[in-house]
Participant: 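One structure is given below, represented as structure tokens, and several questions about it will come after.
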Amino acid sequence: NIKLNNQIQSLKNIKFIDENSMVSYQKERDYIIALTKDGNVVSSNISLNGELSNWKNIVSLNSLIGVCKDGTVKSCIQSFEKKYNEQYANKLKNWNNIIQTVSGHYNVAGLCSDGTVVTIRPTGGLYADNKPWNTENWKNIIKLACGKYHVIGLCSDGTVTASGME
């Protein structure tokens with residue numbers, strides 16, 4: 001059971017899912033999303049399930065961004081303000097060879113299979129400073145982390161690199 005908005009929700013409330021078939025789950029603001037062993041994604045939010053029903057072959061999940069087995073990315077970014085949804089979704093469609101995604105407040109970063117990093121930041125609004133994250137030259141990254149306004153990369157030699165504020 002998971003507490004959401006001071007209410008207890010059970011993973012059993014997610015339609016068509018057996019708790020033993022889950023690989024991982026995440027608590028979002030007012031719902032739960034789960035990645036199943038067969039690569040599907042389901043949610044306790046019934047309105048999301050229609051869009052998520054098209055998600056197949058997902059290998060990892062991060063805040064309604066799914067990494068597909070072929071390295072492409074699916075998105076259903078309801079946690080961002082409406083004006084950013086289309087901007088993010090269109091840019092994420094162009095990502096390839098992704099092995100991990102992370103997200104901050106209004107920021108998303110993807111780790112590519114070659115150790116490089118791609119990022120998306122808003123081009124306007126309260127949380128955008130219109131400055132790039134300067135990750136274009138990052139190489140040999142093996143893991144990413146993301147904060148509200150920054151991204152951090154762990155390099156294969158054990159060093160850490162970062163860009164952003166905070």
Side-chain angles (χ1 to χ4, degrees), residues 2 11 14 17 19-29 31-45 48-49 51-80 84-123 127-128 131-166:
I2 298 173
L11 293 173
I14 298 179
I17 190 167
E19 288 182 57
N20 296 323
S21 69
M22 285 189 303
V23 173
S24 65
Y25 69 91
Q26 292 181 337
K27 180 180 90 166
E28 296 296 329
R29 243 184 289 192
Y31 54 90
I32 302 165
I33 54 175
L35 174 61
T36 63
K37 289 178 182 174
D38 61 1
N40 295 318
V41 178
V42 293
S43 172
S44 63
N45 180 331
L48 285 177
N49 280 326
E51 185 172 350
L52 294 174
S53 67
N54 297 321
W55 288 27
K56 306 291 181 207
N57 300 311
I58 304 298
V59 294
S60 71
L61 186 63
N62 170 51
S63 192
L64 292 177
I65 301 170
V67 177
C68 302
K69 195 179 229 178
D70 66 1
T72 58
V73 176
K74 300 253 185 201
S75 66
C76 178
I77 307 176
Q78 299 226 339
S79 58
F80 295 111
Y84 295 120
N85 284 351
E86 187 174 325
Q87 179 187 63
Y88 277 73
N90 288 335
K91 289 181 179 181
L92 287 169
K93 285 179 189 175
N94 296 321
W95 284 13
N96 293 295
N97 303 312
I98 302 298
I99 58 173
Q100 180 199 4
T101 61
V102 293
S103 55
H105 197 62
Y106 284 91
N107 311 301
V108 179
L111 176 58
C112 300
S113 58
D114 66 358
T116 59
V117 176
V118 290
T119 60
I120 298 174
R121 297 195 63 204
T123 56
Y127 299 103
K131 295 178 185 172
W133 263 356
N134 299 319
T135 59
E136 306 83 31
N137 296 319
W138 288 14
K139 306 275 187 252
N140 303 313
I141 304 298
I142 58 171
K143 191 79 169 170
L144 289 177
C146 194
K148 197 170 186 177
Y149 304 111
H150 63 275
V151 64
I152 301 168
L154 174 62
C155 302
S156 58
D157 65 2
T159 59
V160 175
T161 187
S163 183
M165 304 184 307
E166 240 179 63

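The basis for the numbers below is simple: all heavy atoms, side chains too, and nothing from hydrogens, waters or symmetry mates.
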Participant: Taking only residues two or more places apart in sequence, or in another chain, which ones meet D70 in a side chain to side chain contact (heavy atoms under 4.5 Å, CB included)?
Facilitator: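 Result, side chain to side chain contact (heavy atoms under 4.5 Å, CB included) vs D70: C68, T72.
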Participant: Show the nearest heavy-atom pair for residues I65 and V108, with the distance to one decimal.
Facilitator: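 Heavy atoms only, the tightest pair is CD1-CG1, 3.6 Å.
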Participant: Please name the pair of heavy atoms, one in A34 and one in L61, separated by the smallest distance, quoted to 0.1 Å.
Facilitator: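 Answer, listing the atom of A34 first, then L61: C-CD2, 4.2 Å.
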Participant: In Å, rounded to the nearest 0.5 Å, how long is the span from CG of L144 to OG of S103?
Facilitator: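 Here the rounded value is 11.5 Å.
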Participant: Go through the steps for V118 and I98 under the test side chain to side chain contact (heavy atoms under 4.5 Å, CB included), then give the verdict.
Facilitator: CA-CA 9 Å; V118 290; I98 302 298; 3.9 Å; yes
Participant: CD1 of I99 to OG of S113: how many Å apart, nearest 0.5 Å?
Facilitator: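 Between atom CD1 of I99 and atom OG of S113 there are 6.5 Å.
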Participant: K56: what forms a side chain to side chain contact (heavy atoms under 4.5 Å, CB included) with it, not counting sequence neighbours?
Facilitator: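 Here the qualifying residues are N40.
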Participant: Of the non-hydrogen atoms in V160 and L154, which two are nearest, and what is the gap between them?
Facilitator: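 Smallest heavy-atom distance, with atoms named: CG2-CD1, 4.1 Å.
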Participant: Measure the spacing between CG of N62 and OG1 of T101 and express it to the nearest 0.5 Å.
Facilitator: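 So the gap between those two atoms works out to 4.0 Å.
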Participant: Drop me the distance from N97's CG to T116's OG1, to the nearest 0.5 angstrom.
Facilitator: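 It comes to 8.5 Å.
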Participant: Search all heavy atoms of L92 against all heavy atoms of S75 and return the closest pair with its distance.
Facilitator: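 Residues L92 and S75, closest heavy atoms: CD1-CB, 3.4 Å.
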Participant: Who passes side chain to side chain contact (heavy atoms under 4.5 Å, CB included) against K69, sequence neighbours left out?
Facilitator: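 Side chain to side chain contact (heavy atoms under 4.5 Å, CB included) check on K69 returns N57, V59.
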Participant: Please give me the minimum heavy-atom distance between V117 and W138, naming the atom from each residue.
Facilitator: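 Nearest heavy atoms, V117 then W138: CG2-CE3, 3.8 Å.
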Participant: To check you understand the geometry: which heavy-atom pair defines the closest contact between W95 and A109, and what is its length?
Facilitator: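 Minimum heavy-atom separation between W95 and A109: CH2-C, 3.7 Å.
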Participant: Who pairs with D157 by side chain to side chain contact (heavy atoms under 4.5 Å, CB included), at least two apart in sequence or on another chain?
Facilitator: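 Testing D157 for side chain to side chain contact (heavy atoms under 4.5 Å, CB included), a comparison that skips the adjacent residues, returns C155, T159.
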